[in-house]
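Okay, structure first, notes after.
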2 protein chains.
Amino acid sequence: MKQAEIRDSFERFLQKRSLRLTSQRERILDRVFETHEHFSADTLYNWLKQEDGPSVSRATVYRTLGLLVDGGFLESLDTGQGELLYEHVLGHQHHDHLVCVDCGKIEEFFEAKIEQLQEEVCTRKGWSLVSHNLRLFGRCRSCVRKKDGAREAGIES
Amino acid sequence: MKQAEIRDSFERFLQKRSLRLTSQRERILDRVFETHEHFSADTLYNWLKQEDGPSVSRATVYRTLGLLVDGGFLESLDTGQGELLYEHVLGHQHHDHLVCVDCGKIEEFFEAKIEQLQEEVCTRKGWSLVSHNLRLFGRCRSCVRKKDGAREAGIES
DNA sequence: ATATATGCAAACGGTTTGCATTCAA
DNA sequence: TTGAATGCAAACCGTTTGCATATAT
């Protein structure tokens, strides 16, 4: 999905709710869809401060992130390290995350069988599934390598 | 595992680290293994305040909870609602959680096939799995019922 | 014209921490 | 005796909010 379509979709979303397209919202939308990394509210705030364009306050960053999550433009991801991370949704399929406990790296994965088993668990218990959050914590390929290197050198972890 | 064994195990843990068995730690340990509910630091603090025994400050509650998690006596559970919940571990097998988005109820489940698929995902990606966190958010049996009732009565959700 | 957004700074809420005092070993 | 633990209150940190001002429609 390209920038222009996203923009249209955002405008429609705002109209539906009688909200206004401000230069701040415009700027945040653009910036957020420009990156494919996971980012925090603070990171986004700093990007906007450094790069040029209409100034955006911290409060507006938070308010707009909330709006974008509501509208299904962004998803938030709780890595359990205090701050929420965000990633854009449009053009991305659902996935879960691997988080490296050594370097913080995040990778995405999708495993249909896990998704299906989650539904089965819910059904079995009489619940109705709304969403889920699966995080695998481990060591990424390069941190595993580093650790093995250290072990060979006789350094205890 | 009965209270006395847990107590011994805790004393050994403290000795190993040259930490001391204080009346506060004793009281927290007992209280925590007395309940089978999930509880927050604040809930625990209030239990200790209402029931009688040696007084325990909020700071000590937090410090001791940390200690018990380190020692593998408790596990913490991030429901994503701001505060951490705790549950005791000894005598409990690993499980994941269902969280009701309407009433906050928590149920536990264990699904071996999901556990195994997580390992497979990691292996496939070259990661080494350390732990995981799976939360299913949905509506519990009784909230589903309530919601259906409302729908029949023509009340929109 | 007017309802909505913004920026600022203060508030929030769970948790952590510095420090003087108390206590287990 | 002395290193560790406690209680208190202040600090922390990401996030939210009240309010006066600015702005999109």
Side-chain angles (χ1 to χ4, degrees), chain A residues 7-8 10-32 38-49 53-71 74-86 104, chain B residues 7-8 10-32 38-49 53-71 74-86 104:
Chain A
R7 171 64 169 281
D8 283 359
F10 186 52
E11 289 191 28
R12 266 177 278 120
F13 166 73
L14 291 174
Q15 276 173 18
K16 209 183 333 165
R17 299 211 185 184
S18 13
L19 301 175
R20 291 163 189 185
L21 182 62
T22 62
S23 57
Q24 285 80 1
R25 288 180 178 160
E26 218 174 325
R27 200 172 165 212
I28 291 174
L29 184 78
D30 287 350
R31 189 57 184 86
V32 148
H38 298 86
F39 58 91
S40 65
D42 190 60
T43 303
L44 173 57
Y45 175 70
N46 286 312
W47 285 342
L48 296 173
K49 194 152 64 167
S55 83
V56 184
S57 70
R58 215 175 264 285
T60 296
V61 165
Y62 279 103
R63 285 189 277 234
T64 306
L65 284 173
L67 203 59
L68 291 171
V69 170
D70 275 9
L74 293 183
E75 262 181 25
S76 68
L77 157 66
D78 182 354
T79 64
Q81 327 298 292
E83 66 184 3
L84 288 178
L85 298 187
Y86 296 86
Chain B
R7 169 63 168 280
D8 284 358
F10 186 51
E11 289 191 30
R12 265 178 278 122
F13 166 74
L14 292 175
Q15 276 174 17
K16 209 182 332 165
R17 299 210 185 184
S18 14
L19 301 177
R20 293 164 186 183
L21 182 60
T22 63
S23 56
Q24 284 79 3
R25 287 181 179 161
E26 216 173 327
R27 201 174 163 210
I28 290 174
L29 184 79
D30 287 350
R31 189 59 184 84
V32 148
H38 297 86
F39 59 91
S40 65
D42 190 60
T43 303
L44 173 57
Y45 174 69
N46 286 312
W47 286 341
L48 296 173
K49 193 152 65 167
S55 85
V56 184
S57 71
R58 216 174 264 284
T60 295
V61 165
Y62 279 104
R63 286 189 276 234
T64 305
L65 284 173
L67 203 59
L68 291 171
V69 169
D70 274 9
L74 294 182
E75 261 180 26
S76 69
L77 156 66
D78 182 353
T79 64
Q81 327 299 290
E83 67 184 1
L84 289 179
L85 298 187
Y86 296 85

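Chain naming here is simple, since letters A, B, ... match the order of the sequence lines and numbering starts at 1 in each.
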Let me confirm one number: the [atom1]-[atom2] distance from [X] to [Y], rounded to the nearest 0.5 Å.
{"X": "B:Leu21", "Y": "B:Phe13", "atom1": "CG", "atom2": "CZ", "result": "12.0 Å"}
{"X": "B:His38", "Y": "B:Thr79", "atom1": "NE2", "atom2": "OG1", "result": "10.0 Å"}
{"X": "B:Asp30", "Y": "B:Phe10", "atom1": "CG", "atom2": "CZ", "result": "9.5 Å"}
{"X": "B:Leu44", "Y": "B:Arg58", "atom1": "CG", "atom2": "CZ", "result": "10.5 Å"}
{"X": "B:Leu74", "Y": "B:Leu85", "atom1": "CG", "atom2": "CG", "result": "12.0 Å"}

*B:Tyr62 side chain: which of C:dT17, C:dG14, D:dT15 is closest?*
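Ranking C:dT17, C:dG14, D:dT15 by closest atom to the B:Tyr62 side chain puts C:dG14 first.
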_Side chain of A:Ala41 (C-beta onward), nearest among D:dA5, C:dG7, D:dT15_ =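 Selected nucleotide: D:dT15.
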*If you take atom types as modelled and just measure distance, does the side chain of B:Arg63 reach the base of D:dG7 with a donor-acceptor pair under 3.5 Å?*
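Between D:dG7 and B:Arg63, which were checked side chain against base, a qualifying N/O pair under 3.5 Å is present.
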If you compare every side-chain N and O of [X] against the phosphate oxygens of [N] (OP1, OP2), does one of them come in below 4.0 Å?
{"X": "B:Ser55", "N": "D:dG7", "answer": "yes"}
{"X": "A:Gln24", "N": "C:dG7", "answer": "yes"}
{"X": "A:Ser57", "N": "C:dT6", "answer": "no"}

*Quick one: does B:Leu84's side chain get under 4.5 Å of B:Leu65's, heavy atoms only?*
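Answer no - side chains too far apart.
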*Do B:Thr64 and B:Gln24 touch side chain to side chain, with heavy atoms closer than 4.5 Å?*
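They are not in contact (no side-chain heavy atoms under 4.5 Å apart), so the answer is no.
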Rounded off to whole Å, could you give me the [atom1]-to-[atom2] distance for the [X] and [N] pair?
{"X": "B:Glu26", "N": "D:dA5", "atom1": "CD", "atom2": "P", "value": "15 Å"}
{"X": "A:Arg58", "N": "D:dC13", "atom1": "CZ", "atom2": "C1'", "value": "10 Å"}
{"X": "B:Asp70", "N": "C:dT16", "atom1": "CG", "atom2": "P", "value": "11 Å"}
{"X": "A:Phe13", "N": "C:dT4", "atom1": "CZ", "atom2": "P", "value": "15 Å"}
{"X": "B:Tyr45", "N": "C:dG13", "atom1": "OH", "atom2": "C1'", "value": "15 Å"}
{"X": "B:Leu44", "N": "C:dG14", "atom1": "CG", "atom2": "C1'", "value": "15 Å"}
{"X": "B:Arg25", "N": "C:dA24", "atom1": "CZ", "atom2": "C1'", "value": "10 Å"}
{"X": "B:Leu67", "N": "C:dT16", "atom1": "CG", "atom2": "P", "value": "13 Å"}

*Would you name the heavy atoms of B:Ala41 and B:Val61 that are closest together and state the gap between them?*
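B:Ala41 and B:Val61 have their closest heavy atoms at O-CG1, 3.7 Å.
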*Quickly, which of B:Val56, B:Leu19, B:Thr60 forms a side-chain contact (heavy atoms from CB on, under 4.5 Å) with B:Arg25? Name it, please.*
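Result for side-chain contact (heavy atoms from CB on, under 4.5 Å) with B:Arg25: B:Leu19.
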_What residues from residues 76-85 of chain B pass a heavy-atom cutoff of under 4.0 Å to DNA chain D?_
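Output list: empty, so none.
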*Using a heavy-atom cut-off of under 4.0 Å over every strand shown, decide if B:Ser40 touches base, sugar-phosphate, or nothing.*
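No contact.
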*When you measure from the side chain of A:Arg27 to the backbone N and O of A:Leu48, does any donor-acceptor pair fall under 3.5 Å?*
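Checked: pair present.
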Tabulate protein N/O versus nucleotide N/O from nucleotides 21-25 of chain D, keeping only pairs under 3.5 Å, one per line.
from, atom 1, to, atom 2, distance (Å)
D:dA24, N3, A:Arg20, NH1, 3.0
D:dT25, OP1, A:Leu21, N, 3.2

